[in-house]
Amino acid sequence: MKKIVREYAFVAAVIILIIIARVFFFSPVVIDGHSMDPTLNDRDRHIAYKQASIDRFDIVIFDEIGSGSIFVKRIIEMPGDTVKVSHNELYINGKKTTQSFTTQGVTDDINEVTVPADSYYVLGDNRENSTDSRMIGFVNKDQIDGKLGFKFYPFK
């Protein structure tokens with residue numbers, strides 16, 4: 001009888017640890033759409049880390065306020081940075097920036113703006129097919145659910 005109780009207790013402890021890890025540390029994410037092509041593919045499955053620090057050019061997942069939609073985008077500007085797009089070139093804090101992760105520049109000119117405290121400016125890698133900060137505005141840090149980690153499916 002003690003052996004059975006011990007086995008059930010072990011299984012229960014493992015299940016509780018998995019739930020805690022899922023709620024506080026990581027989350028599975030399914031890429032829906034083509035806004036992050038060519039970096040991420042539609043229907044890819046990734047793990048997002050909820051407690052990770054965020055740096056420029058990281059890929060994050062976030063909720064758009066009011067829509068209930070989950071977005072996957074790249075952090076372009078950090079709080080306090082300035083962003084400007086002129087003639088298809090991205091300028092971060094007044095310096096022209098090379099974007100090796102996209103085959104396109106930013107399609108529309110953007111007048112220089114300063115990112116507010118606790119907010120980020122995000123863009124999709126497929127700039128011509130992306131709903132991002134150009135349309136939805138800045139993303140508050142409280143909206144960010146995690147930093148995209150490794151791909152676990154498909155196995156290619």
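As the structure is a computational prediction, the values presented were derived from the model and not from experiment. For the single chain, residues carry numbers from 1 onward in sequence order.
Shown here for Pro154 and Asp44, the closest heavy-atom pair between the two residues is CD-OD1, 3.3 Å. Considering all non-hydrogen atoms of both residues, Pro79 and Ala117 come closest at CB-CA, 4.1 Å. Of all heavy-atom pairs spanning Ile136 and Phe62, the tightest one is CD1-CE1, 3.8 Å. Heavy-atom minimum distance, Asp132 versus Ser130: OD2-OG, 2.9 Å. Between Lys96 and Glu89, the closest heavy-atom pair is CE-OE1, 3.0 Å.
Residues Phe138 and Phe57 fall within the same hydrophobic cluster, defined by Ile, Leu, Val, Met, Phe, Trp and Tyr side chains chained together at heavy-atom separations under 4.5 Å. Both Ile19 and Val11 are members of a single hydrophobic cluster when ILVMFWY side chains are connected at heavy-atom separations under 4.5 Å. Hydrophobic cluster membership is shared by Tyr120 and Phe71, with clusters built from Ile, Leu, Val, Met, Phe, Trp and Tyr side chains linked at under 4.5 angstrom. Ile16 and Phe25 fall within a single hydrophobic cluster, where Ile, Leu, Val, Met, Phe, Trp and Tyr side chains are chained together by heavy-atom contacts under 4.5 Å. Hydrophobic clustering (side-chain heavy atoms under 4.5 Å, transitive across Ile, Leu, Val, Met, Phe, Trp, Tyr) keeps Ile18 apart from Phe26.
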Would Glu112 and Val83 satisfy side chain to side chain contact (heavy atoms under 4.5 Å, CB included), going step by step from the backbone distance to the final call?
CA-CA 5 Å; Glu112 185 172 275; Val83 59; over 6 Å; no

Please step through side chain to side chain contact (heavy atoms under 4.5 Å, CB included) for the pair Glu77 and Ile92, ending with a clear verdict.
CA-CA 7 Å; Glu77 300 292 332; Ile92 297 174; 2.8 Å; yes

Report the C-alpha separation of Asp81 and Met78 in whole Å, then their side-chain angles, then the decisive distance to 0.1 Å, and conclude whether the side chain to side chain contact (heavy atoms under 4.5 Å, CB included) test is met.
CA-CA 6 Å; Asp81 286 346; Met78 305 293 286; 3.4 Å; yes

Go through the steps for Arg74 and Thr39 under the test side chain to side chain contact (heavy atoms under 4.5 Å, CB included), then give the verdict.
CA-CA 10 Å; Arg74 187 177 300 276; Thr39 307; 3.6 Å; yes

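The structure places CD1 of Ile110 at 3.0 Å from OH of Tyr121, a figure rounded to the nearest 0.5 Å. With values rounded to the nearest 0.5 angstrom, Asp125 atom CG is found 7.0 Å from Leu40 atom CG. From His46, atom NE2 reaches atom NZ of Lys151 across 6.0 Å, with rounding to the nearest 0.5 Å. Note: Tyr91 OH to Thr97 OG1 = 9.0 Å, rounded to the nearest 0.5 Å. Here Ser27 contributes atom OG and Ile70 contributes atom CD1; the two are 7.5 Å apart, rounded to the nearest 0.5 Å. To the nearest 0.5 Å, atoms CG (Asn126) and CG (Asn129) are separated by 5.0 Å.
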Extract all donor-acceptor atom pairs below 3.5 Å that involve side chains of residues 28-36 and protein atoms in other chains or at least two apart in sequence.
from  : atom 1 : to    : atom 2 : distance (Å)
His34 : ND1    : Asp37 : OD2    : 2.9
Ser35 : OG     : Lys73 : NZ     : 2.8

For residues 47-55, run the donor-acceptor check on the side chains, cut-off 3.5 Å, and write out each pair with its distance to 0.1 Å, sequence neighbours left out.
from  : atom 1 : to    : atom 2 : distance (Å)
Lys50 : NZ     : Arg22 : O      : 3.4
Lys50 : NZ     : Val23 : O      : 3.0
Gln51 : NE2    : Phe24 : O      : 3.0

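Counting only heavy atoms from C-beta outward, the side chains of Ile59 and Lys147 never approach each other to under 4.5 Å. At least one side-chain heavy atom of Arg127 sits under 4.5 Å from a side-chain heavy atom of Arg134. Side-chain contact between Ile61 and Leu148 is present, with heavy atoms from C-beta onward closer than 4.5 Å.
By the salt bridge (Lys or Arg N to Asp or Glu O under 4.0 Å) test, Asp118 pairs with Lys141, sequence neighbours left out. Contacts of Tyr153 classified as side-chain contact (heavy atoms from CB on, under 4.5 Å), with partners at least two apart in sequence or in another chain: Arg45, Phe155. Scanning for salt bridge (Lys or Arg N to Asp or Glu O under 4.0 Å) contacts around Asp63 gives an empty result, with sequence neighbours left out. Legend: residues meeting salt bridge (Lys or Arg N to Asp or Glu O under 4.0 Å) with Lys84, ordered by chain and number and at least two apart, are absent.
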